[in-house]
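For reference, positions follow the sequence shown, starting with 1. Note that this is a predicted model, so its numbers are computed, not measured.
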Amino acid sequence: MAAEHVLVVISADPETSHRANEAVRIALGIIAGENEVSIVLLGPAAKVLGAEIEDYIDGEDTLKHVATLKKLGQSFHVERAAIPADGDWNAGGPEVVPITLAELAALVAESDRVLVF
């Protein structure tokens, strides 16, 4: 059976919700199943890659999951408007691919499965 492309779209704010951590954890699990995964962070979900993530809900776990994803070479598509101007944002983190909402629509159309958090 051929690997499927799974799109994981996260808009949950990790500062106020556990859903952002769960979404990152689930994306990591899907990758372990040898599927191709694209992870998209929209709006406040971009905080997942921020330096303050440890201070947020389930932040220590999120930090570990993101580090593992980085080791696996996983990039994060981040809504262009949500990327902070702060140069320290995502310091040492995974590759970031800025994305517009139109580009997100194209990713959705190309995906076999889409999970939205």
Side-chain angles (χ1 to χ4, degrees):
M1 183 173 171
E4 292 189 340
H5 180 252
V6 180
L7 179 62
V8 179
V9 181
I10 308 168
S11 63
D13 186 342
E15 195 169 0
T16 60
S17 173
H18 70 280
R19 292 177 56 84
N21 174 61
E22 286 301 309
V24 174
R25 182 187 62 77
I26 289 168
L28 181 58
I30 294 169
I31 290 170
E34 299 184 12
N35 289 298
E36 179 186 346
V37 176
S38 295
I39 302 171
V40 177
L41 303 176
L42 299 177
K47 295 176 190 175
V48 162
L49 302 179
E52 302 83 21
I53 189 63
E54 286 184 279
D55 298 332
Y56 301 155
I57 297 173
D58 297 330
E60 290 181 14
D61 288 338
T62 305
L63 186 64
K64 291 175 189 174
H65 300 324
V66 169
T68 302
L69 288 164
K70 179 184 176 185
K71 285 180 186 175
L72 294 172
Q74 180 67 43
S75 62
F76 283 73
H77 292 75
V78 182
E79 181 181 9
R80 191 176 303 277
I83 297 175
D86 178 6
D88 288 339
W89 176 79
N90 191 38
E95 176 188 1
V96 169
V97 178
I99 189 171
T100 64
L101 293 181
E103 291 166 329
L104 172 60
L107 272 177
V108 169
E110 296 167 3
S111 299
D112 296 302
R113 307 235 187 266
V114 179
L115 304 173
V116 181
F117 296 87

(message) Would F76 and N90 count as a side chain to side chain contact (heavy atoms under 4.5 Å, CB included) here? Give the steps.
(response) CA-CA 11 Å; F76 283 73; N90 191 38; over 6 Å; no

List the atom pairs, with distances to 0.1 Å, where a side-chain N or O of residues 35-51 and a protein N or O form a donor-acceptor pair under 3.5 Å, not counting sequence neighbours.
residue	atom	partner	partner atom	Å
N35	OD1	E4	N	3.2
S38	OG	H5	NE2	2.8
K47	NZ	D13	OD1	3.2
K47	NZ	D13	OD2	3.1
K47	NZ	E15	OE1	2.7

Let me check something: do [X] and [Y] share a hydrophobic cluster, defined by ILVMFWY side-chain heavy atoms less than 4.5 Å apart, either directly or through other members?
X    : Y    : answer
L115 : I10  : yes
Y56  : F117 : no
V116 : V24  : no
L72  : V96  : yes
V6   : V9   : no

(message) Suppose we screen for side-chain hydrogen bond (donor to acceptor under 3.5 Å, both in side chains). Which residues come up paired with S75, at least two apart in sequence or across chains?
(response)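 In terms of side-chain hydrogen bond (donor to acceptor under 3.5 Å, both in side chains), with neighbours along the sequence ignored, S75 is linked to no residue.
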
(message) So, using side-chain contact (heavy atoms from CB on, under 4.5 Å) as the criterion, who are the partners of V108 when residues are at least two apart?
(response)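 Listed in chain order: L7, L104, V114.
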
(request) Output the distance between atom CD (Q74) and atom CD (E95), rounded to the nearest 0.5 Å. (result)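 With rounding to 0.5 Å, CD (Q74) is 9.5 Å from CD (E95).
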
(request) Hey, could you give me each pair passing side chain to side chain donor-acceptor pair (under 3.5 Å) that has a residue in residues 96-108? Not counting sequence neighbours. (result)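 Every side chain to side chain donor-acceptor pair (under 3.5 Å) pair that includes a residue of residues 96-108, provided the two are not neighbours, is T100-E103.
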
Below 3.5 Å, can you tabulate the donor-acceptor pairs from side chains in residues 58-69 to any protein atom, sequence neighbours excluded?
residue	atom	partner	partner atom	Å
T62	OG1	N21	OD1	2.9
T62	OG1	D58	O	3.0
T68	OG1	K64	O	3.0

(request) Using the test salt bridge (Lys or Arg N to Asp or Glu O under 4.0 Å), find all partners of R25 that sit at least two apart in sequence or belong to another chain. (result) E22

